[in-house]
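A quick write-up on the structure given underneath.
Please read all numbers here as calculations on a predicted model, not as lab measurements. Read the numbers this way: they start at 1 and go in the same order the structure lists the ligands and their atoms.
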Amino acid sequence: MSTVNLTNEDSEYMQTGDMDMTYISSQQTELPGGAEQQTMRVYLRVRPFSKEELSDKEDQDCVGIENSQTVTLNAPKGSANMKSSEKGIGMSLHKFSFSQIFGPEMMQSEIFEATVKSQMSDFLDGKNALLFSYGVTNAGKTYTIQGTPKQPGILPRVLDATFQYIGGHLYDGMDLKPYLRNDAQYLEPDQVKQEKSAKAAIFASVKEECEPLRSSGLESCSALTSNPTEADGSQFALWVAFFEIYNECVYDLLQASLCSKSKKRSSLRVCDDGAGNCYVKDLRWINILTLDEASKVLQFGNKNRSAAATKLNQSSSRSHSIFTIKLLKIEDSTVTRISEFSLCDLAGSERCNKTKTFGERLKEAGNINNSLLILGKCLTALRNNQTEGMKNSYIPFRESKLTKLFQAVFCGKGRASMIVNINQCASTYDETLHVMKFSAVAKQVVQVIPDKPLKSLAPCLVGRDGKPLVKNGVIDTQALESFLCEEELLDEEDEANMSLATENELANMIESLRTKLLAERKRNLVQEMEIRNEMGDAMLQQLMESEELRSRQIEELKESFEEKLENTFEIYKDAIRQHAYQSAMNNLEDDYVAFDEFIAEQDKVETLKRKVSELEGLTSSIGGLCAVPTVDQSCQTHPYKSTEAAGDDRCKHLYKEKCAIDSICEDKQQLIICLEKRLKDINVTLENTRDGYLEKSSELDDLQRKSKDQTESMEEILWQNVDKDREIASLKSELAKLSQNPPMQLRPKRGLLANIRDAVTSPRKTSTTRTPRKTAHL
Ligand code: ADP
Ligand code: MG
């Protein structure tokens, strides 16, 4: 595998930026050295109300588009913003400016034409382009990027325009593939085969239901750049990738395995190519040849994205999804230029809802907000770096995957732009305001109309007398005049030089110096005010950010403390349980007797009792049978005499009973033997019967098989019969035809007919003669 390094060190794209509000409409200016100066373009798109929103009275004139670059946000009643402005914190009216603002009536084609068309021609020209869509969930980000089959968004339009540009110069070899971030690699035939099968697998899983983009929604885009000239022998290959960043993990949306339910999807690593360019390692790139193929790839990725979200019970709005198109220019089988166009549908920017954030969810919400926060910080730092005196401030690109991946674009290797999507709903006003503030950070041209300016943050320039020079945001001209009083305009040195010049000259000099100084002071003052204003805004922004961070940290702490508390509680519960058990055991230990021992003891008692009673019986019988009573005894034991006789009787009676039982036992024994014998006999007969049955059943099987064979042959014969009948019929019809012909031709046919009759009748005869013979045999 050989590689071609195409790292583009082209620095003509240095983003020098232009912060002045008045330059919004001319973001790109030529510098003497040929370099371009540009700011990041930030557009605003306002989504139309849906029917439900209108019926829910969401339309409260919160968003007012003043002109194509200015929008006013007006806090509705009940919004947090309105409440705080009523308390004197902040204002209820905000003004923001954008590169361009698109109202609800704007068509997809108009958005494309006005936003990415210039980036599009950059891309076709070999430069990189990046487009973000930013906003809360349900504000129209995906609609803007992808659109619907009937209303295709920017992505299908970019693809369409690219294919139009390529025209007949498409390179379909599939053996030149993007590699690392800015390189390409040659593929061996085996690898090409693998590419083809991967592509086929994707297409196979996307049903034909997907409407081809061109036939449905894409009116042909006007030619962006003239097609490559015929004389120019170059060709173009187009590769696409689709991935998402969720919870700071990168997932490939074009991996077929994602669709399977069992497998856990694995995240990809973001690596450095050694030249400071980050790329997603092992990301799948698909070579596309038509717009339909591209739309299938997109559909496949979308399906994967929602499947993964459903599986993990997440909302896909919590991830950033990025579709990247790479255009390879190929001359003489060599890649001579690579450019990429990335379209990034950012995660919903809504801040985490406290009622729904626990554990992992909180972490996830934190990560998502974090990556957006880092994006904002990077943009701010980039802007600061372009300001004299603030150069070399740290840009936290490496703090999130998203900014890490697009660092190069931000640093001059391409052009980035952002479409901010908002809705006009009153219920989500506070979030919308947050979105606007973020985009103001992105653009750094926030303009706030101060209803009640924050005192601490408002510019507070004071004159020599200590009185403020600015009142309610307006310069106090009187105070300013006195601040710029003439007394200070000339110093001692000037006075010394004055003696050498003529009076007139000196007067002129003084006059011109005075005006210059005045102008200088005025300029300085205005500049200082602007700086203070900006600083105030930046501080406000920072305060808001840190407040959010703090509240998130508090939430996290609360969460962890709750967890700890719960753990401690569990530990105590366990300890108490243990203690109770232990003390119960201690009490038991003294009187404790094992169950087995108890049973054994009981058995012993039982046997001893039995022995006692036996012995009692024995002593009584022995006493009766062989006692030789003494005289005294006889006298004393007189009452025993009757019991002796009774014992004798009982003994005899018992003996008799025993004999009777013995004989019964013998009878029973014999009966048992007899029964056993009979059982044996029955077993033998059963066995015999079983053998007989088995024999018979095998015979039956044979017979069944035979009958089956016979029915089959019967069927065959029947079929033959049918054939013969058909033959007869055809012969008959032939005969009929022949019989209509002249007698000259008939004559020889009659002989044939006779033959046929013989042939037809003879088998029947034989069969009839055969049947009785057969039956006789049977
Ligand atoms: P997001 O991606 O920001 O969550 P979607 O792009 O999914 O929002 O848009 C939400 C809904 O609003 C979708 O049903 C979409 O079709 C509709 N929608 C968004 N923008 C527009 C628009 N400009 N015109 C018409 N419908 C729109
Ligand atoms: Mg979306």
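Sorted by chain then number, the residues whose non-hydrogen atoms approach ligand 1 to under 4.0 Å are Arg45, Arg47, Pro48, Val136, Thr137, Asn138, Ala139, Gly140, Lys141, Thr142, Tyr143.
No hydrogens or angles considered: nothing links the side chains of Ser97 and Thr70 as a donor-acceptor pair under 3.5 Å.
The pair Asp272-Arg398 counts as a salt bridge, with a side-chain nitrogen and a carboxylate oxygen less than 4.0 angstrom apart. Salt bridge annotation for Arg181-Glu340: present, with a cationic side-chain nitrogen under 4.0 angstrom from a carboxylate oxygen. In this structure, Arg550 does not pair ionically with Glu556, as no charged nitrogen and carboxylate oxygen lie closer than 4.0 Å.
Under the 6.0 Å distance and 45° angle rule, Arg265 counts as a cation-pi partner of Tyr251.
Between His94 and Phe96, the two ring planes are parallel [angle under 30°; tilted spans 30° to 60°].
Distances from the Mg ion (ligand 2) show that Thr142 has an N/O/S atom below 2.8 Å.
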